[in-house]
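Quick one: this structure, given as structure tokens, is what I'll be asking you about.
We name chains A, B, ... by the order of the sequence lines, and we start the count at 1 in each one.
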2 protein chains.
Amino acid sequence: MSKKRISITDIAKELNVSITTVSFILNNKAKGKISEEVIKKVQNYVKEVGYKPNQLAQGLRTGKSNIIVFMVEDISDAFFSSISRLMEEKAYENGYKLLFCSTENDAQKTRDLVQLFKDRQVDGYIITPPSDFEEDIKQLLQEGQPVVLFDRYFESIDVSHVIIDNMESTFKSIKHMVEGGYRNIGFVTLDSSQSQMVDRLNGYQKAIDLYDLKSNVLEINFKDLKNKKTGDQVEAFLNKTQDLDALFFATNYLAKSGLRVLKKLQVAIPSQMGVMSFDDSEVFELYSPTISALSQPIESIADKLMEIMLKQLNMPDGKEKIIYAELPGSLVVRESSYKP
Amino acid sequence: MSKKRISITDIAKELNVSITTVSFILNNKAKGKISEEVIKKVQNYVKEVGYKPNQLAQGLRTGKSNIIVFMVEDISDAFFSSISRLMEEKAYENGYKLLFCSTENDAQKTRDLVQLFKDRQVDGYIITPPSDFEEDIKQLLQEGQPVVLFDRYFESIDVSHVIIDNMESTFKSIKHMVEGGYRNIGFVTLDSSQSQMVDRLNGYQKAIDLYDLKSNVLEINFKDLKNKKTGDQVEAFLNKTQDLDALFFATNYLAKSGLRVLKKLQVAIPSQMGVMSFDDSEVFELYSPTISALSQPIESIADKLMEIMLKQLNMPDGKEKIIYAELPGSLVVRESSYKP
DNA sequence: TATAATTCATAAAACCTTTTAATAAATGAA
DNA sequence: TTCATTTATTAAAAGGTTTTATGAATTATA
């Protein structure tokens, strides 16, 4: 059995000082109040016995749990799990715990989770919100909770967020494909009103307009993603639009479905069909041919997210500062996007 | 600003009963103590105002934090993040929070993390331990902490664990390759004393012995993994052992490195070289040709892990029960393991 | 010398819950 | 009626911390 944990009371008793004195010293509030001599004595003893404050008691008293929750769409997706990995470290470095969970892009599930975390009194929320989640975010903000959105955001709410420049990135990608010799580029995306998807579509349209090309968009229903019907839809899209010479996929899992279809149909990449994807993946690097992608800056995203969250957490109550960050994506050019 | 949270005291005051009464009712300890009438009254009011107990206060009083920590080798690895995703849900279903972190297979880092979690008084530890971690596990057990190891374990310690049948699975895989027509199968693994790696090697040796084949093992130094030197070593291995007609990789990231090399050297799979990997991956499904793999039963692992952890948590103190689970892996046969 | 200001230290309240031990009321037995 | 038992309820302690308000001792000022 574990030996009893040492408490601040034990220390006070042992050193013949008051609890208050110890607490002040522990919290760096001893300046000018407690004599150097006593400070040293306490500090030495604390170090000697390896005392660590009971975080539950601390939390109870201060109302803070030192927990940040990180709600991503799907923790088993490489993009999100990579960021999580980085966030986790940053959180610990700053004295916070990070709790993860997957929203599955389901507003009700996300709502339930938020309620759960409220009950558990987390200190801050970092969220990739599903559609139809504006009201819940507003609610959180009204309650004075620190909130940072990422990957997507809501124009209608003034809330801190970290996103990448989806429009410009997509534009850049399509431009690259045009320069690679493709003229009839299809855009495969989700039937989603989320900002990141809308912006990617806008980037595509912008490039299409600029180069005076024909717009070809396939919007896949989100539910079909789970049914694995995605491939069928891509196939139908290819049949319907015979003259396509390239495909741009708005997410990496769409691209993977697409690659399966192209493989099945024995469409040659990049000669018959150019291919690019938003969001890089290990698969693209190993595929034959290798697949070009628009890579998201994982480290910068994680950096920014934690930076903003910490700022919010340290903000004197009420005086909230909204911070936006829009980070650039980078083109990873491989074999699939240049017409031989 | 958030309106003040309602507390048990508020309820007691409002209903003119004592705090104790409310607490008993809330904790289902009212049977035979409190009158039905009062019970109903309190329950209704609680529901009406949506009262939820303050978990920090609860934790402080009971000494429980309702937090389980899940320490995996690398949360951004698909195998671990997939399991995490499942564990997360199970934990919440059972009233626990799940904290994740990555050990990076570094004993010192893991040690630091464990200390951190001790300070934060988590209730249970699920760990993929790095090498040289026996003593730390023993220590945890001595302190009466619920511990479940997974993916690997220590023979020298009697501690609950969930692993897959690494030896049998590898044996099965090698057997499959032999049946696929390969006679000179190289085994690429890590220079590691961890049980799962040792068992995989043993499974290989067992098959080699059975079929009276020549053993060819490449052990890659763990540090070289990070330096991305893995490919060079695989290449040197191929050069040194010219007559190899197949490779079995003991982890999926080794396989990915290997595939890069084979691609670079333009070795034809499966005609010139058969390939299989322990642990499946999306990459293997999309690679050309598709790569056969030994797939680990993610759901069963997560089920078992949580089941055992919950049993330990609910065990009356001191009366610990050690539970082992060894789950079978399954062969996923694709194109890379059958000689044309 | 008396008083004000400064320095050092602490008691006690508060955070919210669980649980032990005690009390009060009602019932049953003698 | 009286004592014992059961039933219904509660006061108070404990868990470990932070923080406000207060007190005592020392030094400076008038």
Side-chain angles (χ1 to χ4, degrees), chain A residues 2-43 45-46 49-67 95 118-121 123 316-317, chain B residues 2-43 45-46 49-66 95 118-121 123 317:
Chain A
S2 57
K3 37 189 168 292
K4 204 172 141 304
R5 230 182 121 112
I6 193 168
S7 84
I8 206 173
T9 320
D10 301 327
I11 297 178
K13 215 170 280 171
E14 178 67 28
L15 297 184
N16 275 318
V17 294
S18 79
I19 297 176
T20 314
T21 303
V22 179
S23 176
F24 278 157
I25 294 170
L26 253 25
N27 294 291
N28 290 319
K29 299 193 174 168
K31 245 192 317 188
K33 284 183 195 154
I34 313 292
S35 65
E36 271 307 314
E37 186 195 12
V38 177
I39 293 181
K40 275 276 170 317
K41 184 170 74 172
V42 171
Q43 282 176 339
Y45 187 74
V46 163
V49 298
Y51 164 79
K52 297 278 172 54
N54 179 323
Q55 309 226 3
L56 291 168
Q58 241 170 2
L60 175 59
R61 169 67 224 210
T62 60
K64 303 279 168 211
S65 60
N66 285 325
I67 293 180
K118 270 193 210 169
D119 295 344
R120 297 184 182 264
Q121 0 190 18
D123 292 347
D317 234 18
Chain B
S2 59
K3 38 190 168 285
K4 207 174 140 299
R5 229 184 124 115
I6 193 167
S7 84
I8 207 172
T9 321
D10 301 327
I11 297 178
K13 214 170 283 171
E14 178 68 27
L15 298 182
N16 274 318
V17 294
S18 78
I19 296 177
T20 315
T21 305
V22 179
S23 176
F24 278 158
I25 294 171
L26 252 26
N27 293 293
N28 290 320
K29 297 191 175 166
K31 248 192 314 192
K33 281 184 198 154
I34 313 291
S35 64
E36 272 306 314
E37 186 196 10
V38 176
I39 293 181
K40 275 277 170 314
K41 184 170 73 170
V42 171
Q43 283 176 339
Y45 187 74
V46 162
V49 298
Y51 164 79
K52 297 277 174 51
N54 179 321
Q55 309 227 3
L56 291 166
Q58 245 172 357
L60 175 58
R61 170 68 224 208
T62 60
K64 302 282 169 210
S65 60
N66 286 324
K118 270 194 213 170
D119 296 343
R120 297 186 181 263
Q121 355 187 26
D123 292 346
D317 231 21

Atom CG of Leu26(B) and atom P of dT10(D): how far apart are they, to the nearest Å? 15 Å
Ile8(B) versus Ser23(B): any side-chain heavy-atom pair under 4.5 Å? yes
Atom-pair distance (NZ on Lys41(A); P on dA9(C)), nearest Å: 8 Å
Look at Lys29(B) and dT19(C) and indicate whether a side-chain polar atom (N or O) is within less than 4.0 Å of OP1 or OP2. yes
Tell me the interatomic distance from Asp10(B), atom CG, to dC16(C), atom C1', rounded to whole angstroms. 10 Å
Can you tell me if Thr21(A) touches the phosphate of dA9(C), counting only side-chain N or O atoms and a distance under 4.0 Å to OP1 or OP2? no
Using 0.5 Å steps for rounding, measure from the CD1 atom of Ile19(A) to the NZ atom of Lys13(A). 8.0 Å
With nearest nucleotides of DNA chain C determined for Glu36(A) and Ser7(B) from heavy-atom distances, which residue corresponds to the more 5′ nucleotide? Glu36(A)
At under 4.0 Å, does any side-chain N or O of Thr20(A) touch on OP1 or OP2 of dT10(C)? no
Indicate, with a heavy-atom threshold strictly under 4.0 Å, whether Ser35(A) touches base, sugar-phosphate, or nothing. sugar-phosphate
Residue Ser18(A), side-chain atoms from C-beta onward, closest of dT10(D), dA11(C), dT19(C): dA11(C)
Between Asn54(B) and dT17(C), does any side-chain N or O lie under 4.0 Å from OP1 or OP2? no
Which part of the nucleic acid, if any, lies within reach of Ile19(A) when heavy atoms closer than 4.0 Å are counted: base, sugar-phosphate only, or nothing? base
Describe the nucleic acid contact of Gly32(A) in one word from base, sugar-phosphate, nothing, applying a heavy-atom distance below 4.0 Å. sugar-phosphate
Between atom NZ in Lys64(B) and atom P in dG16(D), what is the gap in whole Å? 14 Å
Do the side chain of Thr62(B) and the main chain of Gln58(B) share a donor and acceptor less than 3.5 angstrom apart? yes
In short, Lys52(B) meets Arg5(B) closest at the heavy-atom pair O-NH2, 3.1 Å
Distance check needed: dT7(D) P versus Ile39(B) CD1, whole Å only. 14 Å
Can you see if the side chain of Tyr51(A) gets near the phosphate of dT17(D) - specifically, an N or O under 4.0 Å from OP1 or OP2? yes
Closest to the 5' end of DNA chain C, once Lys33(B) and Val38(A) are matched to their nearest nucleotides, is Val38(A)
Here the distance between atom P of dT26(D) and atom CD1 of Ile34(A), to the nearest Å, is 16 Å
Separation of Leu60(A) atom CG from dA14(D) atom P, in whole Å? 17 Å
Nearest listed nucleotide, side chain of Ile8(B), among dG16(D), dT17(C), dT20(D): dT17(C)
Nucleotide of dT20(D), dT17(C), dT18(D) approaching Arg61(A) most closely (side-chain heavy atoms): dT18(D)
What's the CG-P distance between Asn28(B) and dT18(C), to the nearest Å? 11 Å
Between Ser18(A) and Ala12(A), the two heavy atoms sitting closest are C-CB, 3.7 Å
Hey, mind stepping through Glu14(B) and Ile11(B) against side-chain contact (heavy atoms from CB on, under 4.5 Å) and telling me if it holds? CA-CA 5 Å; Glu14(B) 178 68 27; Ile11(B) 297 178; 5.7 Å; no
Does Gln58(A) have a side-chain nitrogen or oxygen under 4.0 Å from the phosphate oxygens OP1 or OP2 of dT18(D)? yes
